[in-house]
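This report refers to the structure that appears directly beneath it.
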Number of protein chains: 2
Amino acid sequence: MDRTTARDQALALAREQALDAAEELFYGRGVQSVGMDDIRGASGVSLKRLYQLFPAKDRLVEAYLERRDLRWRGRLAEHVDRHEQPEERILAVFEWLGLWFAEPGFRGCAWINAYGELGPTSPGVTDRVTAHKEAFRDYLDGLVSDAGLPSVLTGRLFLLAEGAMVTAGITRSAEPAGQAADAARVLLAAGRRDAAGGARPGGQG
Amino acid sequence: MDRTTARDQALALAREQALDAAEELFYGRGVQSVGMDDIRGASGVSLKRLYQLFPAKDRLVEAYLERRDLRWRGRLAEHVDRHEQPEERILAVFEWLGLWFAEPGFRGCAWINAYGELGPTSPGVTDRVTAHKEAFRDYLDGLVSDAGLPSVLTGRLFLLAEGAMVTAGITRSAEPAGQAADAARVLLAAGRRDAAGGARPGGQG
DNA sequence: TTGACGTGAGAACGGTCGTTCTCTAGGTTA
DNA sequence: TAACCTAGAGAACGACCGTTCTCACGTCAA
């Protein structure tokens, strides 16, 4: 049991190293322009082990998207959780987008990029992209309903966030986050008025 | 002169046929998964002529993006021009997005997809993408300023439109256009209040 | 010590694809 | 009719890359 545990740990370590390299290379240069040999060179994990861990490149790509999804949403939630006021928590999403956009090496949304690159040919990738976007939208929806705001706001805020990600990626600028935050404030104010004025919050969006 | 004209016309026709095939295939299946031989098969233009018209695949891709840009913006402007009221013209943009999203074969924004697929490796593609997005934003900006609204609205509406395109592409649904239109109405109303309340329209955004 | 096993380095294989080349046919002019 | 230009069909070339195979080495059990 002790021995197999050591071996398992070695495999788990190699897996993390492979995914670290995959994330950096796939995100930075696109999936198709990165070869398995590049992954090997960057990770130090031999080709043999690589194929032992991920039977084909597709699997590595999917694992990359899945691990990044967990990390991305974790970092977002961590930032949002620094705020207590429900509406501030919504705005914190856009604040965090701004921080993310300003990071060195930012190249847009990994899932939007992956969808553009592989969507037409890879159902596995498409599934991960839709799952990620759905999870992000659900998270936003929770923030909106926690704030007692009408859930019709969720879709609007989601579009602002998506637009900001795309635009920040293409223009290599963090500015869209601020514009989206401004727009979000306006939409929140209007939603607040609606909620007070008659429509019941939490209704169908 | 008569003979060279006939030849030129044949070349121009082949060029259009090649671009027709390229547009359908590149947009529908992505650029990298479409070979030059696929273009030949779909267009009926021989490989020899193809390379005579476009010295490399890159050039064909760039020409595809350029021609599509002209057509896309032309169709948008055509729809907007059916409206006279300045604010209706702005909303007509989102209305048209909804029509576009609902077209059979819609697969999202060709430029966002191309950026995701080729952005990291092809400066030529990146240039066309940024040029297209800039042109679209400029067009929106003109509509906003024609309506006497503060130009800070342009960026916000632009983000809504981009978010709608991405989301419609990924979810294969036209719904985001309606959500974006709703949000745009709220933002327009707020902008109108700002313009009336003190801020000078056409100011820096 | 020995033998089976797992591993890493890297060669090798097979398929794809961008690009060029060959070969043949047709059409035009002297 | 002969020379010449052009074009099309498709073979061929060369590079790339995902995947597998070879081979030599080190490790561990008996």
Side-chain angles (χ1 to χ4, degrees), chain A residues 1-19 21-22 25-26 28-65 114 117-118 120-125, chain B residues 1-19 21-22 25-26 28-65 114 117-118 120-125:
Chain A
M1 186 73 63
D2 197 297
R3 209 163 288 137
T4 69
T5 296
R7 194 186 127 85
D8 288 352
Q9 280 179 3
L11 285 181
L13 175 62
R15 189 185 152 89
E16 288 306 298
Q17 287 171 334
L19 285 172
L25 293 176
F26 287 160
R29 298 178 9 205
V31 171
Q32 309 206 58
S33 80
V34 172
M36 291 300 275
D37 207 60
D38 296 322
I39 303 281
R40 189 202 59 141
S43 67
V45 177
S46 76
L47 232 36
K48 193 165 212 159
R49 251 233 244 268
L50 229 32
Y51 276 93
Q52 190 175 317
L53 293 162
F54 309 97
K57 191 185 179 185
D58 306 7
R59 302 303 182 85
L60 177 58
V61 173
E62 291 164 12
Y64 144 64
L65 290 176
E117 185 176 1
L118 303 169
T121 57
S122 166
V125 167
Chain B
M1 185 72 62
D2 197 297
R3 206 164 290 137
T4 69
T5 295
R7 194 187 127 85
D8 288 350
Q9 280 179 3
L11 286 180
L13 175 62
R15 189 186 151 90
E16 288 307 298
Q17 288 171 333
L19 285 172
L25 293 176
F26 287 159
R29 300 181 4 209
V31 171
Q32 308 207 59
S33 79
V34 173
M36 291 300 275
D37 206 60
D38 296 322
I39 303 283
R40 188 201 60 142
S43 66
V45 176
S46 75
L47 232 37
K48 193 166 213 160
R49 253 234 242 269
L50 228 34
Y51 277 92
Q52 191 175 318
L53 292 162
F54 309 97
K57 191 186 181 186
D58 305 6
R59 302 304 183 84
L60 177 58
V61 174
E62 292 164 12
Y64 144 63
L65 290 176
E117 185 176 2
L118 303 168
T121 57
S122 165
V125 167

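Quick note on labels: first sequence line is chain A, next is B, and so on, each numbered from 1. No hydrogens, no waters, no symmetry mates; every other heavy atom, side chains included, goes into these values.
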Respond yes when some side-chain nitrogen or oxygen of A/Lys48 is under 4.0 Å from OP1 or OP2 of C/dT7, and no when none is. no
What is the distance, to the nearest angstrom, from the NZ atom on A/Lys57 to the C1' atom on D/dC17? 8 Å
Using a 4.5 Å cut-off on heavy atoms from C-beta on, say whether the side chain of B/Glu62 contacts that of B/Leu65. no
Separation of D/dA9 P from B/Tyr51 OH (nearest whole Å): 16 Å
In whole Å, what is the span from the CD1 atom of B/Ile39 to the P atom of D/dG8? 16 Å
Nearest whole Å is fine: how far is D/dA7 C1' from B/Leu53 CG? 13 Å
Is any side-chain heavy atom of A/Val45 less than 4.5 Å from a side-chain heavy atom of A/Arg15? no
By the 4.0 Å heavy-atom rule, please label B/Val45 as base, sugar-phosphate, or nothing. nothing
Measure from the side-chain heavy atoms of A/Leu47 and tell me the nearest of D/dA7, C/dG18, C/dA11. C/dA11
How about B/Phe54 and B/Val61: do any of their side-chain heavy atoms sit closer than 4.5 Å? no
Are A/Leu60 and A/Leu19 packed together at the side-chain level, in the sense that at least one heavy-atom pair is separated by less than 4.5 angstrom? yes
Nucleotide C/dA9, atom C1' - distance to CG of A/Asp37 in whole Å: 11 Å
May I have the distance from B/Phe26 (atom CZ) to C/dG18 (atom C1'), rounded to whole angstrom? 12 Å
To the nearest Å, how far apart are A/Leu50 CG and D/dT19 P? 10 Å
Of the nucleotides C/dG8, C/dT20, D/dA9, which one has an atom closest to the side chain of B/Ser46? D/dA9
How many Å lie between CE on A/Met36 and C1' on C/dG10, as a whole number? 15 Å
Below 4.0 Å: OP1/OP2 of C/dT7 and any side-chain N or O of A/Gln52: yes
